[in-house]
Asks: 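I am attaching a structure below and will ask some questions about it afterwards.
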2 protein chains.
Amino acid sequence: MVEGIRVTGVVDAVAEALRAAAIGGELEPDRPVTEAWVAARFAVARPSAKAAIEKLVGEGVLERTAHRSARVRRLDADAVRDVYRTRRRIESAAIRELAGERRRPDAAAEADAEIAAHLGGSSVDIVDPDLRFHSAIVDALGSERTSRAYRSLTEEVRQCMAQVQGRGLISVDTILAEHERMLELIAAGDGEAAVAVLAEHLGRAEERLAAVVATP
Amino acid sequence: MVEGIRVTGVVDAVAEALRAAAIGGELEPDRPVTEAWVAARFAVARPSAKAAIEKLVGEGVLERTAHRSARVRRLDADAVRDVYRTRRRIESAAIRELAGERRRPDAAAEADAEIAAHLGGSSVDIVDPDLRFHSAIVDALGSERTSRAYRSLTEEVRQCMAQVQGRGLISVDTILAEHERMLELIAAGDGEAAVAVLAEHLGRAEERLAAVVATP
DNA sequence: CTCGGTATACTTGTCTAACAATCTGGAGCT
DNA sequence: AGCTCCAGATTGTTAGACAAGTATACCGAG
């Protein structure tokens with residue numbers, strides 16, 4: 001049995017631990033994740049391990065074909081591009097709506113403050129607050145379904161970051177400057193300009209990551 | 001065992017049949033869907049029924065709390081609004097991109113032709129081609145993740161249609177006219193105007209459905 | 001008559017055990 | 001060398017069992 005408090009159940013606990021291992025990079029891609037291995041690793045029965053694996057397959061964290069072992073999905077350049085373009089679509093819509101009401105998302109500003117604390121440091125440390133900034137913009141819409149769609153994208157980004165291990169990142173200064181510019185434009189009601197900054201912001205990250213992912 | 005060809009497996013077949021029953025309205029909301037009932041209904045073992053139910057819970061078709069029976073989710077006015085606003089966000093982004101390249105989605109025009117065949121008929125018959133029209137616009141982006149996000153929304157719309165049973169629908173003429181206007185504007189490269197038509201188009205449907213769902 | 005606590009029935013959660021179906025990789029043969 | 005076939009490994013499915021939790025019905029007290 002897995003350690004810790006059992007709020008939900010064995011299957012969810014195992015799924016959570018497995019997800020953390022997958023997006024954290026502890027499980028390298030293409031390594032088979034068999035039901036037996038998961039069962040032994042977390043000391044649960046095989047059906048429980050199976051259920052946890054199937055849950056993650058449903059979420060897209062793992063991939064599997066019939067009668068084959070599951071494996072951590074390896075993101076290629078096309079997948080990275082698709083993730084970032086979908087991010088841009090959702091986030092652009094959010095920005096336009098927020099700018100239309102001149103509504104500045106406070107949670108995004110707080111995430112920016114955390115990024116500012118790492119000025120001059122490594123960009124790896126700001127992956128989390130950066131994603132929190134972008135998620136805050138989307139969450140400001142108060143739309144359960146829009147946020148859910150965006151969340152699955154951020155998890156893929158996190159997994160991608162673990163895969164490239166800090167290569168191809170953009171300087172903290174640039175990220176922070178563009179974030180603040182976007183917030184200013186939203187507060188000023190200029191949605192189109194804010195969307196343009198976002199397109200530049202995400203487009204550059206897309207290019208960098210796609211290039212790095214393609215060259216191991 | 002469920003009838004038909006087993007391409008994938010028992011669990012997927014049962015899940016598919018259950019999903020069809022849920023979004024088709026055969027399973028009314030709030031009616032408990034127990035594992036034992038599903039197992040008996042499709043002549044499978046309880047673990048298989050359990051897996052199928054959990055798959056649908058993961059997709060959001062069914063909802064369940066611990067140790068309680070699963071049930072078909074009942075959509076309320078807030079849920080309908082959230083679905084339609086999220087649809088608008090994704091579809092607006094798609095329209096802007098397509099209009100930017102003056103790229104007219106052919107599959108959407110084909111769906112419109114099918115709608116035209118029902119002119120003067122009941123709006124219930126065009127639910128499918130109407131959703132196909134909108135999906136075609138999104139699918140024209142060629143983005144796996146964007147399409148997947150939109151697909152889950154269309155399934156919720158379908159379920160909602162089964163729930164309201166044809167009340168509060170909009171005339172076929174109006175729908176078709178707005179569809180064709182959107183395609184024209186996309187081909188002309190006027191994305192903003194096309195988005196405005198879409199907002200009107202979906203906004204009206206949102207209001208109608210939300211009102212109908214709220215009054216049983 | 002109403003309220004509250006208990007007990008029971010129902011449902012899900014988890015595990016053990018087993019066998020069938022299928023895929024992979026290598027041994028052996030041509 | 002290339003192909004075939006077999007054995008091992010892994011998943012797919014089922015059966016049965018017991019534990020754990022929730023909701024509801026029932027009964028007694030006020």
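Residue numbers begin at 1 in each chain, while the letters A, B, ... track the order of the sequences.
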Asks: Could you check how far CD of A:Glu35 sits from C1' of C:dT14, rounded to whole Å?
Replies: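 About 15 Å, once rounded to whole Å.
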
Asks: Just the rounded figure in Å: distance from P of C:dG13 to CZ of B:Arg68.
Replies: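 For the pair B:Arg68 CZ and C:dG13 P, the rounded distance is 12 Å.
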
Asks: Do B:Glu54 and B:Lys50 meet the salt-bridge criterion of a basic N to acidic O distance under 4.0 Å?
Replies: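 A salt bridge links B:Lys50 with B:Glu54.
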
Asks: Nearest-Å distance, CH2 (A:Trp37) to P (D:dA9)?
Replies: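 Interatomic distance, CH2 of A:Trp37 to P of D:dA9: 19 Å.
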
Asks: Between D:dT13 atom C1' and B:Phe42 atom CZ, what is the distance in whole Å?
Replies: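 Going from B:Phe42 (CZ) to D:dT13 (C1'), I get 17 Å.
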
Asks: Give a yes/no answer on whether the side chain of A:Arg71 brings an N or O atom under 4.0 Å of OP1 or OP2 in D:dT10.
Replies: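 Answer no for this pair, as no side-chain N or O of A:Arg71 is under 4.0 Å from OP1 or OP2.
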
Asks: Rounded to whole angstrom units, what separation is found between the CD atom of A:Glu54 and the P atom of D:dT13?
Replies: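 Value for this atom pair: 9 Å.
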
Asks: In plain terms, say whether A:Arg19 and A:Glu16 are close enough for a salt bridge, that is, a side-chain N and a carboxylate O under 4.0 Å apart.
Replies: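 Yes.
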
Asks: Restricting to pairs with a member in residues 102-112 of chain B, which pass salt bridge (charged side-chain N to carboxylate O under 4.0 Å, His left out), not counting sequence neighbours?
Replies: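 Sorted result for residues 102-112 of chain B: B:Glu101-B:Arg103.
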
Asks: Would you tell me if any nitrogen or oxygen in the side chain of B:Lys50 comes within less than 4.0 Å of OP1 or OP2 on C:dG13?
Replies: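 Yes, within the criterion.
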
Asks: Closer than 4.0 angstrom, basic N to acidic O: yes or no for B:Glu97 and A:Arg85?
Replies: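 Salt bridge between B:Glu97 and A:Arg85, a charged N being under 4.0 Å from a carboxylate O: no.
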
Asks: With sequence neighbours excluded, tell me which residues meet ring-ring contact (aromatic ring centres under 6.0 Å, His included) with B:His118.
Replies: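 Scan of B:His118 (ring-ring contact (aromatic ring centres under 6.0 Å, His included), adjacent residues dropped) gives none.
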
Asks: Could you list, one pair per line, each protein nitrogen or oxygen that sits under 3.5 Å from a nitrogen or oxygen of nucleotides 16-20 of chain C, together with the distance?
Replies:
{"residue": "C:dA18", "atom": "N6", "partner": "A:Arg46", "partner atom": "NH2", "Å": "3.3"}

Asks: Check the phosphate of C:dG13 against A:Ser48, side-chain N and O only, distance under 4.0 Å to OP1 or OP2. Yes or no?
Replies: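 No, outside the criterion.
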
Asks: Closer to the 5' end of DNA chain D via nearest nucleotide, is it B:Thr65 or A:Ala70?
Replies: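 Residue closer to the 5' terminus by nearest nucleotide: A:Ala70.
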
Asks: Does a donor on one side chain sit under 3.5 Å from an acceptor on the other, for B:Thr34 and B:Ser69?
Replies: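 The criterion, which ignores hydrogens and geometry beyond distance, is not satisfied for B:Ser69 and B:Thr34.
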
Asks: Side-chain N or O of B:Arg64 less than 4.0 angstrom from OP1 or OP2 on C:dG13?
Replies: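 It does, given that an N or O in the side chain of B:Arg64 lies less than 4.0 Å from OP1 or OP2 of C:dG13.
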
Asks: Measuring from the side chain of A:Val10 (C-beta onward, heavy atoms only), which nucleotide among D:dG12, C:dC15, D:dT13 has the closest atom?
Replies: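 Nearest to the side chain of A:Val10 among the choices is C:dC15.
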
Asks: Measure the distance from CZ on B:Arg31 to P on C:dT11 and round it to the nearest whole Å.
Replies: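 Taking atom P of C:dT11 as the reference, CZ of B:Arg31 is at 13 Å.
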
Asks: Run the salt-bridge test on B:Arg46 and B:Glu35 with the 4.0 Å N-O cut-off and return the result as yes or no.
Replies: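 Yes, B:Arg46 and B:Glu35 are salt-bridged.
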
